[in-house]
Amino acid sequence: MNTDFEVQSLDTPVKQEPGWYQLKYLVAGVFFGIILVKSQVVSWYRIQEMFRLQSFHMYGVIGSAVVTGMISVFLIKRLKIRTIHGEPVTFTNKTFNKGQVFGGLLFGFGWAMTGACPGPLFAQIGAGFTVTVVTLFSAIVGTWVYGAVRERLPH
Amino acid sequence: MLMNALSAPWPWYVAGPLIGLTVPLLLLLGNRHFGISSSLRHICAACLPAKIPFFSYNWKKESWNLFFVAGILLGGTIAAFHLTDPLPVVIHPQLAAELQGYGVTDHHALLPVQLFNWQALLTIRGFILMVVGGFLVGFGTRYAGGCTSGHAIMGLSNLQWPSLVATCCFMAGGFIMANLILPFILHL
């Protein structure tokens with residue numbers, strides 16, 4: 001049973017881009033990283049307040065991000081907007097499997113412990129919290145172990 | 001004036017829409033789907049695929065993702081060292097009181113430095129928070145097929161109901177951990 005719908009280049013043919021094009025994504029990442037730190041989304045405290053219902057901040061950030069993303073995707077689909085290189089924009093549907101429940105809960109545990117989801121892990125390291133390198137390494141190990149045992153897990 | 005506004009913590013109604021705009025930004029830059037935890041998988045595929053089918057794909061075709069996370073790291077540096085907020089982090093008094101009970105009183109940084117530092121790694125509490133917590137982040141996101149970015153933001157933006165299930169489970173897991181389990185860990 002294949003539940004692997006995550007590698008975009010396996011699902012849809014992705015045109016090979018020249019190497020220096022990757023700099024686009026580096027710049028996009030820089031902007032994203034600045035937003036994550038300046039909005040304190042990378043803060044362990046903000047995550048604790050979210051899960052203790054002590055602050056609206058994270059709900060406001062995620063909620064308004066989702067609404068902005070929804071409107072954007074709707075407009076891209078409706079107006080058939082293409083990429084800056086004139087390629088069509090494609091979407092893949094996600095299929096339900098039990099991993100979204102079990103894995104989701106496990107990630108939720110880790111999120112509340114480390115106070116970081118994967119994006120903030122990178123941003124924290126950049127912001128000078130060097131010990132987060134260990135957390136990130138551990139997350140990579142966790143990903144690897146999942147890959148090694150996934151056939152035996154309920155999906 | 002502008003620098004002052006940029007250095008102070010950004011309110012949710014500025015940061016949220018900007019984060020949301022990352023979705024169309026990546027789509028229009030090259031039809032890329034916003035998602036960060038995949039980078040961890042690509043790192044596995046690049047460094048130690050070990051003939052595991054899950055890591056046997058051409059990660060180089062997904063290398064944009066690695067450039068994106070490298071950018072996030074760099075952005076974190078710029079934000080922390082060039083747009084530095086001079087004031088300590090403001091935290092909810094109830095949270096401060098709870099943390100005081102665990103001996104965590106230093107709130108000058110974005111992370112409680114008394115919990116997250118290199119020496120703390122050698123304590124049971126620090127080991128559980130960083131090493132076990134990190135493992136759960138990596139294992140859980142891949143098992144769920146995405147994290148806050150891929151499911152909660154990209155998936156919901158594309159109206160994918162499995163992403164809604166995943167997002168609800170992220171939140172449920174977080175509530176259970178923060179309120180029921182974390183107090184015991186922090187007491188260690």
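All values below were derived from every heavy atom in this structure, side-chain atoms included, with hydrogens, water molecules and symmetry-related copies excluded.
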What's the shortest heavy-atom distance between [X] and [Y], and which atoms?
X        : Y        : result
B:Leu188 : B:Arg125 : O-CD, 3.7 Å
B:Ile52  : A:Gly147 : CG2-O, 3.2 Å
B:Phe116 : A:Met113 : CZ-O, 3.7 Å
B:Ser157 : B:Ile153 : OG-O, 2.6 Å

Can you tell me which of [options] forms the most heavy-atom pairs within a distance under 4.5 Å of chain A?
options                               : result
B:Gly145, B:Ala70, B:Ser39            : B:Gly145
B:Ile43, B:Asn65, B:Leu136            : B:Leu136
B:Ala50, B:Gly35, B:Pro9              : B:Pro9
B:Ser37, B:Gly126, B:Gly75            : B:Gly75
B:Asn58, B:Leu115, B:Val69            : B:Val69
B:Leu159, B:Leu156, B:Leu74, B:Ile185 : B:Leu156

With a 4.5 angstrom heavy-atom cut-off, which part of [X] approaches chain A: side chain, backbone, both or neither?
X        : answer
B:Pro11  : backbone
B:His107 : both
B:Gln94  : both
B:Ile128 : both
B:Leu27  : both
B:Leu111 : both
B:Asn117 : backbone
B:Ser149 : neither

Could you tell me which portion of [X] (side chain, backbone, both or neither) has an atom closer than 4.5 angstrom to a non-hydrogen atom of chain B?
X        : value
A:Tyr21  : neither
A:Ile84  : both
A:Leu36  : side chain
A:Phe129 : side chain
A:Val149 : side chain
A:Pro120 : neither
A:Phe137 : neither
A:Met58  : neither

Hey, does A:Lys77 have a side-chain heavy atom less than 4.5 Å from the side chain of A:Val73?
->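 A:Val73 reaches A:Lys77 side chain to side chain.
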
Test item: B:Met171 and A:Phe51 side chains (from C-beta on) under 4.5 Å apart, heavy atoms =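 Answer yes - side chains close enough.
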
Whether the side chain of [X] engages the backbone of [Y] through a donor-acceptor N/O pair (distance < 3.5 Å, no angle test) should be reported.
X        : Y        : result
A:Trp144 : B:Leu48  : yes
B:Asn31  : A:Val89  : no
A:Asn93  : A:Thr95  : no
A:Lys94  : B:Gly155 : no

Top contributor to chain B contacts, counting heavy-atom pairs under 4.5 Å, from [options]:
options                              : result
A:Gln54, A:Gln40, A:Lys24            : A:Gln54
A:Thr130, A:Ile71, A:Leu53, A:Ile62  : A:Thr130
A:His85, A:Glu151, A:Arg82, A:Gln124 : A:Gln124
A:Ser138, A:Gly128, A:Ala148         : A:Ser138
A:Ser72, A:Gly69, A:Gly119, A:Ala116 : A:Gly69
A:Ala112, A:Pro118, A:Ala123         : A:Pro118

Check the surroundings of atom OH in B:Tyr102: do more than 12 heavy atoms from other residues, nucleotides or ligands lie under 6.0 Å from it?
->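 It does: B:Tyr102 OH has more than 12 such atoms within range.
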
Within a reach of under 6.0 Å around CD1 of B:Ile124, are more than 12 heavy atoms found that belong to other residues, nucleotides or ligands?
->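 12 or below, so no.
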
State yes or no: are the ring centers of A:Phe107 and B:Tyr143 separated by less than 6.0 Å?
->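 No.
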
Pair A:Arg46, A:Ser55: side-chain N/O donor-acceptor within cut-off below 3.5 Å =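 Side chains of A:Arg46 and A:Ser55: no pair found under 3.5 Å.
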
Pair B:Arg41-B:Glu62, salt bridge (charged side-chain N to carboxylate O under 4.0 Å, His left out): steps then yes or no | CA-CA 10 Å; B:Arg41 181 179 178 187; B:Glu62 299 284 332; over 6 Å; no

Ring pair (Phe, Tyr, Trp, His ring centres under 6.0 Å), paired with B:His42, selected from B:Trp59, B:Trp64, B:Tyr57, B:Phe68 |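 Only match with B:His42 under ring pair (Phe, Tyr, Trp, His ring centres under 6.0 Å): B:Tyr57.
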
